[in-house]
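One structure is given here, and the rest of the page talks about it.
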2 protein chains.
Amino acid sequence: MNIQPLLNYISKIVALTDEEITFLTSQVASRKYLKGQYILQQGDINKSVCFVVSGCTKMFYVDTDGQEHILMFAVEDWWSSDLGSFISQTPSDFNVQCIEDTECIVFSYNNMEETYAKIPKLERLFRKTIEKAFVASQKRIVRNFSMSAKERYLIFKDSYPEIEQRIPQYMVASYLGITKEFLSKIKSQIAFQ
Amino acid sequence: MNIQPLLNYISKIVALTDEEITFLTSQVASRKYLKGQYILQQGDINKSVCFVVSGCTKMFYVDTDGQEHILMFAVEDWWSSDLGSFISQTPSDFNVQCIEDTECIVFSYNNMEETYAKIPKLERLFRKTIEKAFVASQKRIVRNFSMSAKERYLIFKDSYPEIEQRIPQYMVASYLGITKEFLSKIKSQIAFQ
DNA sequence: AAATGATGTTAATGTAGATTAACATTTTTA
DNA sequence: TAAAAATGTTAATCTACATTAACATCATTT
(Lines give C-alpha, C1' and ligand atoms only; values in the text may rest on other atoms or scores of the structure.)
Protein backbone atom coordinates (compact mmCIF):
# COMPACT_ATOMS: atom_id res chain seq x y z
CA MET A 1 0.00 0.00 0.00
CA ASN A 2 1.32 3.41 -0.96
CA ILE A 3 0.99 5.83 1.90
CA GLN A 4 3.72 8.13 0.66
CA PRO A 5 1.37 11.09 0.08
CA LEU A 6 0.27 10.89 3.72
CA LEU A 7 3.88 10.64 4.92
CA ASN A 8 4.83 13.67 2.83
CA TYR A 9 1.96 15.61 4.34
CA ILE A 10 2.87 14.57 7.89
CA SER A 11 6.54 15.39 7.44
CA LYS A 12 5.64 19.02 6.81
CA ILE A 13 4.25 19.25 10.35
CA VAL A 14 6.02 16.67 12.54
CA ALA A 15 9.02 14.38 11.99
CA LEU A 16 8.36 10.65 12.41
CA THR A 17 11.01 7.99 13.10
CA ASP A 18 11.27 4.91 10.86
CA GLU A 19 9.72 2.88 13.61
CA GLU A 20 6.77 5.26 13.87
CA ILE A 21 6.33 5.14 10.11
CA THR A 22 6.22 1.35 10.19
CA PHE A 23 3.63 1.41 12.95
CA LEU A 24 1.55 4.05 11.21
CA THR A 25 1.62 2.01 7.99
CA SER A 26 0.15 -0.93 9.88
CA GLN A 27 -2.69 1.23 11.20
CA VAL A 28 -4.04 2.80 8.01
CA ALA A 29 -5.68 1.42 4.90
CA SER A 30 -6.01 2.57 1.32
CA ARG A 31 -9.43 2.88 -0.32
CA LYS A 32 -10.61 3.67 -3.79
CA TYR A 33 -14.01 5.10 -4.68
CA LEU A 34 -15.66 5.86 -8.00
CA LYS A 35 -17.25 9.17 -8.87
CA GLY A 36 -20.68 9.26 -7.25
CA GLN A 37 -19.90 6.76 -4.49
CA TYR A 38 -20.71 7.61 -0.91
CA ILE A 39 -17.97 7.35 1.70
CA LEU A 40 -20.49 8.17 4.42
CA GLN A 41 -24.26 8.53 4.52
CA GLN A 42 -26.39 10.72 6.76
CA GLY A 43 -27.56 8.57 9.68
CA ASP A 44 -24.66 6.13 9.56
CA ILE A 45 -21.89 6.15 12.15
CA ASN A 46 -18.64 7.41 10.77
CA LYS A 47 -15.95 4.84 11.47
CA SER A 48 -13.10 6.54 9.64
CA VAL A 49 -11.15 9.67 8.88
CA CYS A 50 -10.01 9.95 5.26
CA PHE A 51 -6.92 11.64 3.91
CA VAL A 52 -7.48 12.35 0.21
CA VAL A 53 -4.62 11.18 -2.01
CA SER A 54 -6.33 11.97 -5.31
CA GLY A 55 -9.78 12.98 -6.45
CA CYS A 56 -12.36 15.18 -4.78
CA THR A 57 -15.15 14.72 -2.23
CA LYS A 58 -17.97 16.86 -0.94
CA MET A 59 -19.51 16.76 2.52
CA PHE A 60 -23.12 17.90 2.59
CA TYR A 61 -26.30 18.03 4.59
CA VAL A 62 -29.72 17.28 3.13
CA ASP A 63 -32.33 19.37 4.94
CA THR A 64 -35.98 18.52 5.59
CA ASP A 65 -36.97 20.08 2.24
CA GLY A 66 -34.52 17.81 0.44
CA GLN A 67 -32.14 20.69 -0.22
CA GLU A 68 -28.44 19.90 -0.29
CA HIS A 69 -26.02 22.17 1.62
CA ILE A 70 -22.32 21.61 0.97
CA LEU A 71 -20.07 22.17 3.98
CA MET A 72 -16.75 21.40 2.45
CA PHE A 73 -14.87 19.95 -0.46
CA ALA A 74 -11.72 17.89 -0.02
CA VAL A 75 -9.04 17.44 -2.66
CA GLU A 76 -5.46 16.10 -2.57
CA ASP A 77 -3.84 16.52 0.87
CA TRP A 78 -7.10 17.42 2.61
CA TRP A 79 -9.05 15.58 5.26
CA SER A 80 -12.57 14.49 4.52
CA SER A 81 -14.88 13.29 7.29
CA ASP A 82 -17.78 14.11 9.51
CA LEU A 83 -15.69 14.63 12.63
CA GLY A 84 -18.76 15.03 14.84
CA SER A 85 -20.00 11.53 14.10
CA PHE A 86 -16.46 10.17 14.32
CA ILE A 87 -15.54 11.51 17.74
CA SER A 88 -18.83 10.69 19.41
CA GLN A 89 -19.63 7.58 17.33
CA THR A 90 -23.17 8.81 16.80
CA PRO A 91 -25.23 8.91 13.59
CA SER A 92 -23.88 11.38 11.09
CA ASP A 93 -25.70 14.54 10.06
CA PHE A 94 -23.75 14.60 6.81
CA ASN A 95 -23.04 12.71 3.63
CA VAL A 96 -19.58 12.44 2.13
CA GLN A 97 -19.68 11.66 -1.57
CA CYS A 98 -16.97 11.47 -4.24
CA ILE A 99 -17.38 13.95 -7.05
CA GLU A 100 -14.41 12.43 -8.89
CA ASP A 101 -12.83 8.99 -8.71
CA THR A 102 -11.07 9.28 -5.36
CA GLU A 103 -8.29 7.50 -3.49
CA CYS A 104 -8.01 7.87 0.28
CA ILE A 105 -5.86 6.74 3.15
CA VAL A 106 -8.08 5.83 6.04
CA PHE A 107 -7.66 5.92 9.83
CA SER A 108 -10.31 3.89 11.58
CA TYR A 109 -11.92 4.75 14.88
CA ASN A 110 -10.82 1.52 16.56
CA ASN A 111 -7.12 2.19 15.91
CA MET A 112 -7.15 5.84 16.81
CA GLU A 113 -6.50 5.65 20.56
CA GLU A 114 -3.64 3.22 20.01
CA THR A 115 -2.16 5.37 17.27
CA TYR A 116 -2.22 8.48 19.49
CA ALA A 117 -0.69 6.50 22.36
CA LYS A 118 2.15 5.11 20.24
CA ILE A 119 2.77 8.30 18.24
CA PRO A 120 1.92 11.35 20.37
CA LYS A 121 3.27 13.49 17.55
CA LEU A 122 0.20 12.51 15.56
CA GLU A 123 -2.02 13.79 18.32
CA ARG A 124 -0.12 17.07 18.00
CA LEU A 125 -0.63 17.00 14.23
CA PHE A 126 -4.35 16.43 14.57
CA ARG A 127 -4.65 19.10 17.24
CA LYS A 128 -3.03 21.60 14.92
CA THR A 129 -5.03 20.48 11.90
CA ILE A 130 -8.31 20.80 13.75
CA GLU A 131 -7.30 24.16 15.23
CA LYS A 132 -6.86 25.46 11.70
CA ALA A 133 -10.11 23.91 10.54
CA PHE A 134 -11.94 25.50 13.46
CA VAL A 135 -10.45 28.92 12.75
CA ALA A 136 -11.44 28.61 9.08
CA SER A 137 -14.93 27.60 10.11
CA GLN A 138 -15.30 30.63 12.39
CA LYS A 139 -14.11 32.92 9.63
CA ARG A 140 -16.70 31.41 7.32
CA ILE A 141 -19.45 32.17 9.84
CA VAL A 142 -18.29 35.78 9.99
CA ARG A 143 -18.20 36.06 6.21
CA ASN A 144 -21.68 34.61 5.92
CA PHE A 145 -22.93 37.24 8.36
CA SER A 146 -21.08 40.28 7.16
CA MET A 147 -20.57 39.90 3.43
CA SER A 148 -22.80 39.74 0.33
CA ALA A 149 -22.98 36.58 -1.77
CA LYS A 150 -20.91 38.31 -4.46
CA GLU A 151 -18.10 39.12 -2.04
CA ARG A 152 -18.16 35.54 -0.70
CA TYR A 153 -17.97 34.15 -4.21
CA LEU A 154 -14.96 36.32 -5.07
CA ILE A 155 -13.17 35.20 -1.91
CA PHE A 156 -13.92 31.55 -2.65
CA LYS A 157 -12.64 31.92 -6.21
CA ASP A 158 -9.53 33.59 -4.90
CA SER A 159 -8.90 31.14 -2.06
CA TYR A 160 -9.55 27.93 -3.99
CA PRO A 161 -9.02 28.60 -7.71
CA GLU A 162 -8.20 24.91 -8.39
CA ILE A 163 -11.39 23.74 -6.71
CA GLU A 164 -13.58 26.23 -8.57
CA GLN A 165 -12.18 24.84 -11.85
CA ARG A 166 -12.97 21.22 -11.15
CA ILE A 167 -16.44 21.25 -9.63
CA PRO A 168 -19.80 22.17 -11.18
CA GLN A 169 -21.04 25.66 -10.50
CA TYR A 170 -24.18 24.53 -8.71
CA MET A 171 -22.00 22.96 -6.06
CA VAL A 172 -20.09 26.20 -5.59
CA ALA A 173 -23.46 27.90 -5.12
CA SER A 174 -24.45 25.33 -2.52
CA TYR A 175 -21.16 25.83 -0.68
CA LEU A 176 -21.73 29.59 -0.67
CA GLY A 177 -25.26 29.13 0.63
CA ILE A 178 -27.03 30.55 -2.43
CA THR A 179 -28.97 29.13 -5.38
CA LYS A 180 -27.32 28.24 -8.67
CA GLU A 181 -29.54 30.84 -10.39
CA PHE A 182 -28.25 33.59 -8.17
CA LEU A 183 -24.62 32.54 -8.63
CA SER A 184 -25.21 32.61 -12.36
CA LYS A 185 -26.50 36.20 -12.01
CA ILE A 186 -23.48 37.18 -9.89
CA LYS A 187 -21.10 35.76 -12.47
CA SER A 188 -22.72 37.64 -15.31
CA GLN A 189 -22.58 40.85 -13.23
CA ILE A 190 -18.87 40.29 -12.68
CA ALA A 191 -18.32 39.64 -16.39
CA PHE A 192 -19.80 43.06 -17.29
CA GLN A 193 -17.73 44.60 -14.40
CA MET B 1 -4.26 31.74 43.18
CA ASN B 2 -7.38 29.60 43.00
CA ILE B 3 -7.33 27.38 39.97
CA GLN B 4 -9.74 24.85 41.39
CA PRO B 5 -12.48 25.53 38.80
CA LEU B 6 -10.00 24.75 36.03
CA LEU B 7 -8.84 21.57 37.78
CA ASN B 8 -12.43 20.44 38.20
CA TYR B 9 -13.03 21.01 34.52
CA ILE B 10 -9.87 19.14 33.53
CA SER B 11 -10.61 16.20 35.81
CA LYS B 12 -13.79 15.51 33.85
CA ILE B 13 -11.69 14.80 30.75
CA VAL B 14 -8.24 13.61 31.85
CA ALA B 15 -6.72 12.67 35.22
CA LEU B 16 -3.67 14.68 36.30
CA THR B 17 -1.10 13.57 38.88
CA ASP B 18 -0.24 15.84 41.82
CA GLU B 19 3.03 16.65 40.14
CA GLU B 20 1.25 17.67 36.97
CA ILE B 21 -1.17 19.83 38.93
CA THR B 22 1.75 21.61 40.60
CA PHE B 23 3.38 22.23 37.26
CA LEU B 24 0.15 23.41 35.68
CA THR B 25 -0.44 25.81 38.57
CA SER B 26 2.94 27.38 37.90
CA GLN B 27 2.06 27.90 34.23
CA VAL B 28 -1.28 29.71 34.49
CA ALA B 29 -2.38 33.03 35.91
CA SER B 30 -5.62 34.42 37.27
CA ARG B 31 -7.09 37.63 35.85
CA LYS B 32 -10.04 39.80 36.76
CA TYR B 33 -11.88 42.12 34.38
CA LEU B 34 -14.73 44.56 34.90
CA LYS B 35 -17.87 44.66 32.80
CA GLY B 36 -17.04 46.45 29.56
CA GLN B 37 -13.30 45.70 29.64
CA TYR B 38 -11.63 44.23 26.59
CA ILE B 39 -9.57 41.07 26.96
CA LEU B 40 -8.52 41.31 23.31
CA GLN B 41 -8.90 43.96 20.62
CA GLN B 42 -9.17 43.50 16.87
CA GLY B 43 -5.68 44.03 15.40
CA ASP B 44 -3.80 43.00 18.52
CA ILE B 45 -1.97 39.69 18.79
CA ASN B 46 -3.66 37.30 21.15
CA LYS B 47 -1.14 36.11 23.69
CA SER B 48 -3.49 34.06 25.84
CA VAL B 49 -6.23 31.51 26.09
CA CYS B 50 -8.78 32.21 28.83
CA PHE B 51 -10.79 29.74 30.86
CA VAL B 52 -13.78 31.56 32.32
CA VAL B 53 -14.23 30.99 36.06
CA SER B 54 -17.07 33.45 36.52
CA GLY B 55 -18.77 36.13 34.45
CA CYS B 56 -19.45 36.30 30.73
CA THR B 57 -17.56 37.40 27.62
CA LYS B 58 -18.47 37.94 24.00
CA MET B 59 -16.18 37.53 21.01
CA PHE B 60 -17.16 39.70 18.07
CA TYR B 61 -16.09 41.10 14.74
CA VAL B 62 -16.66 44.70 13.71
CA ASP B 63 -17.16 44.86 9.95
CA THR B 64 -16.26 47.68 7.57
CA ASP B 65 -19.68 49.31 8.14
CA GLY B 66 -19.03 49.37 11.89
CA GLN B 67 -21.51 46.56 12.48
CA GLU B 68 -20.81 44.16 15.31
CA HIS B 69 -21.15 40.39 14.71
CA ILE B 70 -20.98 38.15 17.78
CA LEU B 71 -19.30 34.79 17.21
CA MET B 72 -19.57 33.36 20.66
CA PHE B 73 -20.30 33.97 24.29
CA ALA B 74 -18.31 32.33 27.06
CA VAL B 75 -19.60 31.74 30.59
CA GLU B 76 -18.35 29.61 33.50
CA ASP B 77 -16.31 26.59 32.35
CA TRP B 78 -15.98 27.83 28.77
CA TRP B 79 -12.96 28.91 26.78
CA SER B 80 -12.80 32.41 25.45
CA SER B 81 -10.18 33.40 22.85
CA ASP B 82 -9.48 34.18 19.27
CA LEU B 83 -7.73 30.90 18.55
CA GLY B 84 -6.71 32.01 15.05
CA SER B 85 -4.63 34.89 16.34
CA PHE B 86 -3.29 32.74 19.17
CA ILE B 87 -2.01 29.82 17.12
CA SER B 88 -0.44 31.89 14.37
CA GLN B 89 0.48 34.91 16.55
CA THR B 90 -0.97 37.26 13.95
CA PRO B 91 -3.27 40.28 14.45
CA SER B 92 -6.69 39.28 15.63
CA ASP B 93 -9.85 39.68 13.57
CA PHE B 94 -11.93 39.71 16.72
CA ASN B 95 -12.57 41.54 19.97
CA VAL B 96 -13.18 39.75 23.24
CA GLN B 97 -15.05 41.91 25.73
CA CYS B 98 -16.53 41.21 29.15
CA ILE B 99 -20.27 41.71 29.37
CA GLU B 100 -20.17 41.02 33.12
CA ASP B 101 -17.39 41.33 35.67
CA THR B 102 -15.33 38.30 34.72
CA GLU B 103 -12.62 36.15 36.27
CA CYS B 104 -10.39 34.00 34.07
CA ILE B 105 -7.55 31.54 34.30
CA VAL B 106 -5.06 32.27 31.59
CA PHE B 107 -2.62 30.14 29.57
CA SER B 108 -0.07 32.26 27.79
CA TYR B 109 1.38 31.52 24.38
CA ASN B 110 4.96 31.40 25.61
CA ASN B 111 4.22 28.62 28.09
CA MET B 112 2.05 26.54 25.83
CA GLU B 113 4.68 24.37 24.14
CA GLU B 114 6.29 23.59 27.46
CA THR B 115 2.96 22.77 29.04
CA TYR B 116 2.08 20.37 26.23
CA ALA B 117 5.54 18.77 26.47
CA LYS B 118 5.31 18.24 30.24
CA ILE B 119 1.63 17.26 30.32
CA PRO B 120 0.70 15.49 27.07
CA LYS B 121 -2.70 14.81 28.61
CA LEU B 122 -3.42 18.51 28.22
CA GLU B 123 -2.66 18.30 24.55
CA ARG B 124 -5.25 15.52 24.42
CA LEU B 125 -7.71 17.70 26.33
CA PHE B 126 -7.25 20.62 23.97
CA ARG B 127 -7.51 18.36 20.94
CA LYS B 128 -10.82 17.06 22.20
CA THR B 129 -12.08 20.50 23.19
CA ILE B 130 -11.26 21.97 19.80
CA GLU B 131 -12.77 18.98 18.01
CA LYS B 132 -16.04 19.71 19.78
CA ALA B 133 -15.80 23.42 19.05
CA PHE B 134 -15.18 22.68 15.37
CA VAL B 135 -18.13 20.33 15.18
CA ALA B 136 -20.36 22.94 16.83
CA SER B 137 -19.11 25.56 14.40
CA GLN B 138 -19.90 23.36 11.40
CA LYS B 139 -23.38 22.73 12.73
CA ARG B 140 -23.89 26.45 13.10
CA ILE B 141 -22.95 26.98 9.46
CA VAL B 142 -25.51 24.38 8.42
CA ARG B 143 -28.19 25.96 10.57
CA ASN B 144 -27.48 29.38 9.13
CA PHE B 145 -27.91 27.95 5.63
CA SER B 146 -30.88 25.72 6.13
CA MET B 147 -33.01 27.31 8.83
CA SER B 148 -35.02 30.50 9.26
CA ALA B 149 -34.09 33.09 11.87
CA LYS B 150 -37.05 32.00 13.99
CA GLU B 151 -35.91 28.37 14.02
CA ARG B 152 -32.37 29.42 14.89
CA TYR B 153 -33.62 31.56 17.73
CA LEU B 154 -35.67 28.70 19.18
CA ILE B 155 -32.67 26.38 19.03
CA PHE B 156 -30.43 28.97 20.69
CA LYS B 157 -32.98 29.51 23.45
CA ASP B 158 -33.24 25.79 23.93
CA SER B 159 -29.49 25.09 23.84
CA TYR B 160 -28.39 27.96 26.08
CA PRO B 161 -31.30 28.99 28.29
CA GLU B 162 -28.94 30.39 30.96
CA ILE B 163 -27.12 32.54 28.44
CA GLU B 164 -30.32 33.91 26.95
CA GLN B 165 -31.36 35.03 30.44
CA ARG B 166 -28.21 36.97 31.22
CA ILE B 167 -27.41 38.88 28.05
CA PRO B 168 -29.28 41.71 26.32
CA GLN B 169 -31.52 40.73 23.47
CA TYR B 170 -29.65 42.79 20.89
CA MET B 171 -26.60 40.59 21.50
CA VAL B 172 -28.65 37.45 20.93
CA ALA B 173 -29.78 39.00 17.64
CA SER B 174 -26.18 39.70 16.68
CA TYR B 175 -25.19 36.12 17.52
CA LEU B 176 -28.04 34.83 15.36
CA GLY B 177 -27.01 37.10 12.49
CA ILE B 178 -30.18 39.21 12.47
CA THR B 179 -31.14 42.71 13.61
CA LYS B 180 -32.57 43.43 17.03
CA GLU B 181 -35.74 44.71 15.36
CA PHE B 182 -36.31 41.43 13.59
CA LEU B 183 -35.64 39.39 16.73
CA SER B 184 -38.17 41.56 18.52
CA LYS B 185 -40.71 40.73 15.78
CA ILE B 186 -39.90 37.01 16.04
CA LYS B 187 -40.42 37.08 19.79
CA SER B 188 -43.80 38.78 19.51
CA GLN B 189 -44.81 36.22 16.85
CA ILE B 190 -43.86 33.42 19.22
CA ALA B 191 -45.79 35.05 22.08
CA PHE B 192 -49.04 34.98 20.01
CA GLN B 193 -48.16 31.35 18.99
C1' DA C 1 -36.29 62.38 41.46
C1' DA C 2 -34.68 63.96 37.18
C1' DA C 3 -31.83 63.14 33.56
C1' DT C 4 -29.08 60.27 30.74
C1' DG C 5 -28.00 56.20 28.47
C1' DA C 6 -28.98 51.52 27.44
C1' DT C 7 -32.26 48.42 25.83
C1' DG C 8 -36.57 47.01 23.49
C1' DT C 9 -40.79 47.69 20.33
C1' DT C 10 -43.60 48.89 16.33
C1' DA C 11 -44.47 49.97 11.69
C1' DA C 12 -43.39 51.61 6.86
C1' DT C 13 -40.51 50.87 3.24
C1' DG C 14 -36.52 48.74 0.78
C1' DT C 15 -33.57 44.86 -1.02
C1' DA C 16 -30.68 40.65 -1.46
C1' DG C 17 -31.49 36.60 -2.71
C1' DA C 18 -35.24 32.63 -3.32
C1' DT C 19 -38.56 30.52 -6.34
C1' DT C 20 -40.45 29.21 -10.54
C1' DA C 21 -40.32 28.15 -15.06
C1' DA C 22 -38.68 27.94 -19.61
C1' DC C 23 -34.93 27.35 -22.27
C1' DA C 24 -29.68 26.73 -23.70
C1' DT C 25 -25.55 24.24 -23.53
C1' DT C 26 -22.52 20.60 -22.44
C1' DT C 27 -21.50 15.82 -21.27
C1' DT C 28 -22.54 11.07 -21.07
C1' DT C 29 -24.61 7.05 -22.63
C1' DA C 30 -26.86 3.93 -25.84
C1' DT D 1 -24.76 10.20 -33.66
C1' DA D 2 -28.99 10.67 -31.41
C1' DA D 3 -31.05 10.84 -27.15
C1' DA D 4 -30.84 11.48 -22.36
C1' DA D 5 -28.93 13.47 -18.45
C1' DA D 6 -26.41 16.95 -16.24
C1' DT D 7 -25.30 21.59 -15.98
C1' DG D 8 -25.97 26.57 -16.78
C1' DT D 9 -28.75 30.94 -18.01
C1' DT D 10 -32.41 34.40 -18.07
C1' DA D 11 -36.31 36.80 -16.42
C1' DA D 12 -40.59 37.54 -13.63
C1' DT D 13 -42.29 37.35 -9.27
C1' DC D 14 -42.03 36.63 -4.31
C1' DT D 15 -40.28 36.83 0.63
C1' DA D 16 -37.33 36.89 4.66
C1' DC D 17 -35.06 40.03 6.62
C1' DA D 18 -32.71 44.89 6.66
C1' DT D 19 -33.22 49.78 7.21
C1' DT D 20 -35.05 53.78 9.06
C1' DA D 21 -37.29 56.27 12.30
C1' DA D 22 -40.08 57.28 16.16
C1' DC D 23 -41.20 56.00 20.45
C1' DA D 24 -41.34 53.05 25.06
C1' DT D 25 -39.23 51.10 28.95
C1' DC D 26 -35.71 50.13 32.15
C1' DA D 27 -31.26 50.99 34.60
C1' DT D 28 -27.71 54.09 36.20
C1' DT D 29 -25.87 58.21 37.57
C1' DT D 30 -26.17 62.87 39.68
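The structure displayed is predicted, hence computed values, not measured ones. Every chain is numbered from 1 and lettered A, B, ... according to where its sequence line falls, protein lines coming before strand lines.
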Any cation-pi pair here, [X] with [Y], using under 6.0 Å and within 45°?
{"X": "A:R124", "Y": "A:Y116", "result": "no"}
{"X": "B:R140", "Y": "B:Y175", "result": "yes"}
{"X": "B:K58", "Y": "B:F60", "result": "yes"}

Within the 4.5 Å heavy-atom criterion, are A:D82 and A:F86 side-chain neighbours or not? no

State, with a plain yes or no, whether a side-chain heavy atom of B:N46 is found less than 4.5 Å away from one of B:Y109. no

Residues touching DNA chain D, which here means a heavy atom under 4.0 Å, drawn from residues 60-72 of chain A: none

Nucleic acid footprint by protein, nucleotides 21-27 of chain D - heavy-atom cut-off 4.0 Å, B for base, S for sugar-phosphate alone: B------

[X] atom [atom1], over 12 foreign heavy atoms within 6.0 Å:
{"X": "A:K157", "atom1": "NZ", "value": "no"}
{"X": "A:D18", "atom1": "CG", "value": "no"}
{"X": "A:R31", "atom1": "CZ", "value": "no"}

Establish, yes or no, whether a centroid distance under 6.0 Å links the rings of A:W79 and A:F126. yes

Nearest-Å distance, [atom1] ([X]) to [atom2] ([N])?
{"X": "A:I167", "N": "C:dT26", "atom1": "CD1", "atom2": "C1'", "answer": "17 Å"}
{"X": "A:Q169", "N": "C:dT25", "atom1": "CD", "atom2": "P", "answer": "15 Å"}
{"X": "B:K187", "N": "D:dC17", "atom1": "NZ", "atom2": "P", "answer": "17 Å"}
{"X": "A:Y170", "N": "D:dA5", "atom1": "OH", "atom2": "P", "answer": "15 Å"}
{"X": "A:I99", "N": "D:dT7", "atom1": "CD1", "atom2": "C1'", "answer": "14 Å"}
{"X": "B:L183", "N": "D:dA16", "atom1": "CG", "atom2": "C1'", "answer": "15 Å"}
{"X": "B:Q165", "N": "C:dT7", "atom1": "CD", "atom2": "P", "answer": "16 Å"}

Keeping B:E114 on the side-chain end and B:N111 on the backbone end, is there a donor-acceptor pair under 3.5 Å? no

Side-chain donor or acceptor of A:N95 paired with backbone N/O of A:Q41 under 3.5 Å: no

Polar atom pairs (N or O), protein with nucleotides 12-17 of chain C, under 3.5 Å:
{"unit_1": "C:dG17", "atom_1": "OP1", "unit_2": "A:A149", "atom_2": "N", "d": "3.1"}

